[in-house]
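Structure, as structure tokens:
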Amino acid sequence: MSEGAFKQNFSSSSKSRFEFDFDNKKVIFEIDQLASKSDKSVICRYGNTTVLTVLTVKQLTKSVNSFFPLTITFDEKFYAVGRIPNVFGKREGRPSYDAITAARLIDRSLRSFFPFPSNQEVQITNSVLSLDSESAVIVGQEEKDFVCNPSSDKLNSSPLELIVSATEEKVTMLEARAQEIRETELEKAIAFAHQKIQTLIGFFQHIASSLGVKKNKMEVELKEITSDKWLEEKGDSYLGEEKKMKEVRQQLTKEYCAKNPQLEEEFVKDLVRLDGRGADHIRSLEIQIDFLPNVHGSAVFARGETKVLSVITIGKISEKQLVDSIFNRSYKHFIHHYNFPPFAVNEIASYRAVSRREIGHGELAEKTFDYLIPSSDSFPYTVRAVSEVLSSDGSSSQASICATSLSLMTAGVPLIRPAAGIALGLFEGQIYSDINGLEDKLGEMDFKIAGTEKGICSIQLDVKNHGISQELIKTSFVKAHQVRLRLLEEMKKNIYQPRPNLPAQVIKCRRFAVEKEKIGLIIGPRGKTINQLAEETGSTIEVQPDGYILIYHQEEDKLEKTYQAIKNIIKSS
């Protein structure tokens, strides 16, 4: 969009404050008004949401070759939503999963645009100072219409939650939760978001032009490639070997095509990958269900050298997890935890806290099954899935989705449909299905797409270039759909659908409605009646806000005894 298009709805009272109308709301940027000791600070206001972003840059004495030293933090301030933190000490502590996810989204959107190798370290701190019910980066769906910046209530009821980062021409980051959305519909949603982003980019360009901002050229000494020693200095020996293999292959390909020009097109079309597979071939699969005794459900899913064990535990509704962040205060009845121990990649490391990556991959699997697992109204249980990555050679997050789907079905959790996931890569213009670890390191994208035979349930895109086109996204969806159907067919050979009954080890539940005026009789004065009944029968009795009573017990006859006792209390009133 040209700068002239902003003349009517763009205003600037000074060179430190800029305003722009976006979707019937003002976007306001205030430059260097706070955090004056930092390299740069920006206050962004959108409606009643205010975010302070602070940039600090540190010069390094030695260039970093293995990764760009970028740190993104996202600080939640509970005063932003008029709440006091519900923790001991009543002050903000560790970042919530929502805050970590937000920080990862920003990191994944920006990282590929920084120079590499680098002699500078960069930290970007985002602090939410006030928060309205809208977000400026999310696309939802209301009936058949896409909505930019939906309210929290609308987003919770939306069958789609899509986050897009993009340049004016290309998409650089995607994250989505969906209810088996069709690929063509998701393509339209991404295009809709990209149009909105292009409008914002025009605003950013106007600000840069007004301030006379120019990019700093970072002078980094590049060593001449004279021996294999240079490759080793790029990182550890493993990365050095990978880089060498890539360069050798490129050189051999060039020489081969120069000597055989008539075969160049055919060679590129039938390009063989480093592990011998074709572009659309997936690695060999190995599936084992009921792998562990005495657990509620388990399965091992192996794709090549990537192996994941998924274990299911089913508990009472009261064992649900509280989600308490400035964005959301709710309960989860399905919890997925993803563990990636050092031995999965043959490393030695001491115990450490759960990493951002483990949290992000766990959240991605949760999004996949968010719609597929029935609500607590029809399935009165809390379900915890744990994915243990035992060996990793790429695509472990998508392998965990496949393993979790299998283990949920072995546990008798009534999934709407089984789900599977696959990761696609991009290398020299060629899309690869089921990328391994080497292809992930050397490739230009990691596009994770998961769903059922009916549609997509989650996506996550990271790029190492400056973005991918809408056409490439469309092609990736087609390839992922084909591979997903093949994976689901293999999974169905081991277990076709969820088992009809829960395992014997799972606590049994009886759910029934009671008239609200009768609930007091069941509870009794100060809870005397319900506590006495629970003690006599050994049952757990939970009264729900909607008037339903839940009875839990390991034995069916004790469950029936408790149910009849409650019925007698009601009848005798």
Side-chain angles (χ1 to χ4, degrees), residues 138-147 150 154-164 174-193 301 310 312 332-336 361-379 383 385 387 395 397-409 411-424 433 447-461 473-492 495-498:
I138 299 175
V139 172
Q141 193 170 18
E142 192 172 357
E143 295 181 349
K144 293 186 177 181
D145 297 325
F146 298 118
V147 181
K154 287 185 177 180
L155 192 61
N156 289 336
S157 61
S158 170
L160 172 67
E161 179 181 351
L162 171 67
I163 304 173
V164 181
L174 293 172
E175 182 99 10
R177 163 193 64 80
Q179 296 180 1
E180 298 183 299
I181 190 172
R182 297 288 186 185
E183 284 79 0
T184 53
E185 195 69 10
L186 188 52
E187 290 166 24
K188 294 176 183 177
I190 295 170
F192 171 82
F301 180 88
S310 176
I312 302 299
K332 290 197 297 189
H333 294 94
F334 174 68
I335 307 156
H336 179 268
H361 284 356
E363 294 282 292
L364 183 62
E366 275 191 18
K367 289 178 182 178
T368 304
F369 294 99
D370 183 55
Y371 169 70
L372 300 176
I373 293 179
S375 69
S376 57
D377 292 338
S378 57
F379 186 67
V383 180
S387 291
S395 303
S397 67
Q398 301 306 286
S400 73
I401 289 173
C402 296
T404 299
S405 185
L406 290 162
S407 60
L408 284 168
M409 290 193 289
V413 177
L415 287 177
I416 294 176
R417 270 172 287 277
I422 196 72
L424 306 180
S433 298
F447 200 170
K448 304 177 182 73
I449 305 171
T452 68
E453 59 189 10
K454 185 179 178 182
I456 292 174
C457 295
S458 70
I459 64 171
Q460 188 179 88
L461 168 68
I473 291 172
K474 180 179 180 180
T475 304
S476 297
F477 282 160
V478 171
K479 288 179 176 290
H481 179 76
Q482 295 169 347
V483 173
R484 190 164 71 247
L485 292 182
R486 295 207 298 270
L487 288 172
L488 290 169
E489 282 301 316
E490 290 298 318
M491 291 164 62
K492 286 178 180 179
I495 182 166
Y496 189 80
Q497 60 188 10

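For the numbers below, each heavy atom of this structure counts, side chains included, while hydrogens, waters and symmetry mates do not. The first residue in the sequence is number 1, and the count goes up from there.
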Report task. List in chain and number order the residues that pass salt bridge (Lys or Arg N to Asp or Glu O under 4.0 Å) with E490, two or more places apart in sequence or in another chain; answer none if no residue qualifies. Result ->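 Per chain and number, E490 pairs via salt bridge (Lys or Arg N to Asp or Glu O under 4.0 Å) with K493.
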
Requested in this report: Apply salt bridge (Lys or Arg N to Asp or Glu O under 4.0 Å) to E489 and list each qualifying residue two or more places apart in sequence or on a separate chain.
Outcome: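 Applying salt bridge (Lys or Arg N to Asp or Glu O under 4.0 Å) to E489 gives none.
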
Can you name the side chain to side chain contact (heavy atoms under 4.5 Å, CB included) partners of [X], sequence neighbours left out?
{"X": "S378", "value": "P374, S375"}
{"X": "T475", "value": "I431, E471, K479"}
{"X": "E142", "value": "V147, K154"}
{"X": "A450", "value": "T368, Q398, I401, S458"}

Query raised in the report: Do V383 and H333 pass the side-chain contact (heavy atoms from CB on, under 4.5 Å) test, and can you show the C-alpha distance, the side-chain angles, and the key distance before you say yes or no?
Result: CA-CA 6 Å; V383 180; H333 294 94; over 6 Å; no

Answer yes or no: is there a side-chain heavy-atom contact under 4.5 Å between [X] and [Y]?
{"X": "T404", "Y": "S387", "answer": "yes"}
{"X": "E183", "Y": "V478", "answer": "no"}
{"X": "F146", "Y": "L162", "answer": "no"}
{"X": "L174", "Y": "I473", "answer": "yes"}

Query raised in the report: Who passes ring pair (Phe, Tyr, Trp, His ring centres under 6.0 Å) against H336, sequence neighbours left out?
Result: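 If we apply the ring pair (Phe, Tyr, Trp, His ring centres under 6.0 Å) test to H336, skipping adjacent residues, there are no hits.
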
Query raised in the report: Mind checking what makes ring pair (Phe, Tyr, Trp, His ring centres under 6.0 Å) contact with Y371, not counting sequence neighbours?
Result: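 With sequence neighbours excluded, Y371 shows a ring pair (Phe, Tyr, Trp, His ring centres under 6.0 Å) to no residue whatsoever.
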
Could you tell me the separation between the [atom1] atom of [X] and the [atom2] atom of [Y], rounded to the nearest 0.5 Å?
{"X": "R177", "Y": "Q179", "atom1": "CZ", "atom2": "CD", "result": "6.5 Å"}
{"X": "F369", "Y": "I416", "atom1": "CZ", "atom2": "CD1", "result": "12.0 Å"}
{"X": "L406", "Y": "I312", "atom1": "CG", "atom2": "CD1", "result": "10.0 Å"}
{"X": "R484", "Y": "C402", "atom1": "CZ", "atom2": "SG", "result": "10.5 Å"}
{"X": "E180", "Y": "R417", "atom1": "CD", "atom2": "CZ", "result": "4.0 Å"}
{"X": "K492", "Y": "E453", "atom1": "NZ", "atom2": "CD", "result": "4.0 Å"}

List in chain and number order the residues that pass side chain to side chain donor-acceptor pair (under 3.5 Å) with [X], two or more places apart in sequence or in another chain; answer none if no residue qualifies.
{"X": "Q497", "value": "none"}
{"X": "E363", "value": "none"}
{"X": "K454", "value": "none"}
{"X": "E187", "value": "none"}

Query raised in the report: Hey, mind stepping through D370 and F334 against side-chain contact (heavy atoms from CB on, under 4.5 Å) and telling me if it holds?
Result: CA-CA 7 Å; D370 183 55; F334 174 68; over 6 Å; no

Query raised in the report: Under the side-chain contact (heavy atoms from CB on, under 4.5 Å) criterion, do H361 and S400 qualify, and how do the steps go?
Result: CA-CA 9 Å; H361 284 356; S400 73; 6.0 Å; no

Query raised in the report: When you check the gap from the basic side-chain N to the acidic O, do K367 and E161 get nearer than 4.0 Å?
Result: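 No, no charged N to carboxylate O under 4.0 Å.
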
How close do [X] and [Y] get, heavy atom to heavy atom, and via which atoms?
{"X": "I449", "Y": "A480", "value": "CD1-CB, 3.6 Å"}
{"X": "G140", "Y": "L155", "value": "CA-CD1, 4.5 Å"}
{"X": "G421", "Y": "L487", "value": "O-CD1, 3.6 Å"}
{"X": "T452", "Y": "P418", "value": "CG2-O, 3.4 Å"}
{"X": "L364", "Y": "I459", "value": "CD1-O, 4.1 Å"}
{"X": "S310", "Y": "S407", "value": "OG-OG, 2.8 Å"}

